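Take this structure first; my questions come after.
We're numbering straight along the sequence, starting at 1. All of these numbers come straight from a predicted model, not from anything done at the bench. Excluded from the calculations below are hydrogen atoms, water molecules and symmetry mates; all remaining heavy atoms, backbone and side chain alike, are included.
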Amino acid sequence: MKGLRKLLGNSFSLLLNRLSQSITTFILAASIARILGAYELGQYMLAFSFYYVFMTLASQGFKTLFTREIAQNPLKIPAYLISGTFLQFLFSITGYAVMALVVHALPYNQNTSIVCYVLGLAIIPFSLSNVTEAIFQAEEKMHLIAVSTVPVYIVRLIAIIWAMNLKYNIVTVAVIMVASELLIFFLEWCLVTQFVKYEWRLNWKFMWDTTKASGSFIVIEGISVLGYRLQVFILSLLGGELVVGLYGAVLQLMQPFQIISHSVVLAVFPKMSKAIDSGKDSQRQITQITIEILLMVALPLLLGIVFFGKDLLVLLYQEESFTEASFALNVFAIGLISSAFIRPLSYLLVANGFEKVNLWQVFITTILDCLISIVLVSQYKLNGAAITVIFTDYVALLIYYFESSRRLFSLDLWSTVFRPLIIGVFMLPVFITLKSFGLDIILVLIISSLIYFALVGTLGFYTVYHSKDEWAKLLLKRK
């Protein structure tokens, strides 16, 4: 029982950290767009993308390696804390220097480059925090991560909004971001030193061996994040900061579904991994239920965006210019369907030891993304980027579906999509009716949400009741 409570507590702590980070990021982007404008949002999105890519290259591979090795060898924690932190510092400094050179070489204006330089400094404290967080995770003290990060995320958001309302520019936003990451590192270091005894001594052999062992992790993380952020870089060069801002505004509207998707699949992943011993039927059932749940969210959300996407953009960003992104928003909404399949199938393959499929998928779609973007973005700017992303998403879906069918099992597609289709069919006339009445978008959101939850609840109750009835009949037959 104690072990179960610890597991649930650690899971909740990680979920709380993830949700608070995602929600504050969502509010931050909307606030920048509302207060400073689309151009400044584009500067922030571009600078954050540079920071995120080089931070990942400099640190995320080490974090995965550190967590695994510390969990297997707890006695090495002092070495990882001191020598690992110094090694991480060297890589983060190198990562920042390379990032600065890349930004300097690209044709951005001086103000945009300064934002990138300043926000990029966050690579260093964030990378150092990865070492302490790896220790917390390996020691199953994930609550210390939430204690260190969640309050800082909230205070950071408040400070940034306050500064922008006082007419401070986007550079100030970047400075606050860097300061917040420094604060998180300081808090985590204070907490980790409470239970780790260490000596200020560097182990050069340990650092060299760790660097060699981290190679594959760095490649996997690097290719993955580059593929995810590639569109921002291409848009910045071919379309400019304003187009990047509109692109970022559209992506923010996709975040609620991504948070739900990530949380659901992350919660199911342990059960999916354990189901390997129970046979393929058990894994198939878990995978199909996960996809079905995500489709129940994705399909009504897709319909809602098609009917009210333009109104949502105006509501969120309080600026008519953002309606220029309405077509791109509709295109991105189509990708919600592929996302409902991609994440569960991806984790299914990882659970069965086929993570190389994920690496190949990212490699293939990144190349396609780059080649197609150069053509479409140069011609159609934001709309070209949206079409490219959706095309590569469905290529990824085909890869995952083919490989999971070939290596493991085929999905029963009809039983997987049946209930989501029922909800979609019922929600369609609701959206049509609400659109014809021309109601305020907030009232539309309230009414459609209430009807949606009523439909899901009714369908869920019927499914459970029907399943019990069928189970009773089966028992009677056996008697």
Exercise for the section: Flag the pair Phe48 / Val232 as yes when at least one side-chain heavy-atom distance between them is below 4.5 Å, and no otherwise. Expected result: no
Problem - Main-chain N/O of Ile123 paired to Ser127 side chain as donor or acceptor, under 3.5 Å - result: yes
Exercise for the section: Using atom types as modelled and distance alone, determine if a side-chain donor or acceptor of Asp369 lies under 3.5 Å from a backbone N or O of Thr365. Expected result: no
Practice task
State whether the number of non-hydrogen atoms from other residues, nucleotides or ligands found under 6.0 Å of Phe354 atom CZ is greater than 12.
Solution key: yes
Exercise for the section: Quick one: pull up CG in Leu183 and OG1 in Thr149 and give me the separation to the nearest 0.5 Å. Expected result: 11.0 Å
Practice task
Taking the side chain as every heavy atom from C-beta outward, state whether Gln252 and Tyr317 have any pair of such atoms under 4.5 Å apart.
Solution key: yes
Practice task
Kindly give the heavy-atom pair with the smallest separation between Leu294 and Ser261, and that separation in Å.
Solution key: CD2-CA, 3.7 Å
Exercise for the section: Provide the closest heavy-atom pair for Gly245 versus Phe322 in the form atom of the first, atom of the second, distance. Expected result: O-CE2, 4.4 Å
Problem - Ring centre gap for Phe363 and Trp360 strictly below 6.0 Å - result: yes
Completion exercise
Here the gap from Leu46 atom CG to Leu235 atom CG, rounded to the nearest 0.5 Å, amounts to 10.0 Å
Problem - Polar contact flag, side-chain donor to acceptor under 3.5 angstrom, Ser373-Gln231 - result: yes
Practice task
Start with the C-alpha gap between Asn352 and Gln283, add the side-chain angles, then the distance that decides, and say whether side-chain contact (heavy atoms from CB on, under 4.5 Å) holds.
Solution key: CA-CA 10 Å; Asn352 286 273; Gln283 277 196 308; 3.0 Å; yes
Problem - side-chain contact (heavy atoms from CB on, under 4.5 Å) between Val357 and Phe402, intermediate numbers included - result: CA-CA 11 Å; Val357 175; Phe402 173 76; over 6 Å; no
Exercise for the section: Begin with the C-alpha distance, continue with both residues' side-chain angles, and end with the deciding distance and a verdict on side-chain contact (heavy atoms from CB on, under 4.5 Å) for Leu128 and Trp189. Expected result: CA-CA 9 Å; Leu128 298 179; Trp189 183 271; over 6 Å; no
Problem - Leu106/Phe233 under side-chain contact (heavy atoms from CB on, under 4.5 Å): CA gap, chis, key distance, verdict - result: CA-CA 10 Å; Leu106 293 173; Phe233 299 135; over 6 Å; no
Handout entry: Residue pair Val244 / Gly42: nearest heavy atoms and the distance that separates them
Key = CG1-O, 3.5 Å
Problem - Tyr96 side chain to Tyr117 backbone, donor-acceptor under 3.5 Å - result: yes
Handout entry: Close side-chain approach of Val395 to Leu398, heavy-atom, < 4.5 Å
Key = no
Practice task
Classify the side-chain pair Ser92/Gln88 by whether it contains a donor and acceptor separated by less than 3.5 Å.
Solution key: no
Practice task
Please say whether more than 12 non-hydrogen atoms of neighbouring residues, nucleotides or ligands are located less than 6.0 Å from CZ in Phe391.
Solution key: no
Problem - Taking every non-hydrogen atom, the tightest pair across Leu41 and Ala33 - result: CD2-CB, 3.9 Å
Practice task
Find out whether Leu253 and Leu313 are in side-chain contact, i.e. whether some heavy atom of one side chain is under 4.5 Å from a heavy atom of the other.
Solution key: yes
Problem - Met45 CE to Ile170 CD1 distance, which is reported to the nearest 0.5 Å - result: 11.0 Å
Problem - Pairing residues for Leu166 by the side-chain contact (heavy atoms from CB on, under 4.5 Å) criterion, not counting sequence neighbours - result: Trp162, Tyr168
Handout entry: Exercise: identify the closest heavy-atom pair between Ala328 and Leu382
Key = CB-CG, 3.8 Å
Practice task
State, yes or no, whether a side-chain contact exists between Gln43 and Val173 at a heavy-atom distance under 4.5 Å.
Solution key: no
Handout entry: Point-to-point distance, once rounded to the nearest 0.5 Å, from CG of Leu295 to CD1 of Ile337
Key = 6.0 Å
Handout entry: Member of Ile27, Val152, Ile176 meeting the side chain to side chain contact (heavy atoms under 4.5 Å, CB included) criterion with Leu157
Key = Ile27
Handout entry: Pairwise side-chain contact, Leu121 with Glu181, heavy-atom cut-off 4.5 Å (strictly under)
Key = no
Completion exercise
Residue pairs passing the side-chain hydrogen bond (donor to acceptor under 3.5 Å, both in side chains) test with at least one member in residues 31-41, sequence neighbours excluded, are Tyr39-Asn109
Handout entry: Phe409 CZ: over 12 foreign heavy atoms closer than 6.0 Å
Key = yes
Handout entry: Interatomic distance, Thr287 atom OG1 to Leu348 atom CG [nearest 0.5 angstrom]
Key = 4.0 Å
Exercise for the section: Could you check if a side-chain atom of Val375 sits within less than 4.5 angstrom of a side-chain atom of Thr388, using non-hydrogen atoms only? Expected result: no
Exercise for the section: Output the distance between atom CG (Leu336) and atom OG (Ser339), rounded to the nearest 0.5 Å. Expected result: 6.0 Å
Problem - Nearest non-hydrogen partners of Leu329 and Val250, listed with the distance - result: CA-CG1, 3.8 Å
Problem - Any side-chain heavy-atom pair of Ile364 and Ile399 under 4.5 Å - result: yes
Handout entry: Enclosure of Gln258 CD (heavy-atom neighbours >12, cutoff 6.0 Å)
Key = yes
Problem - Within the 6.0 Å centroid threshold, strictly below: Phe332 and Tyr247 - result: yes
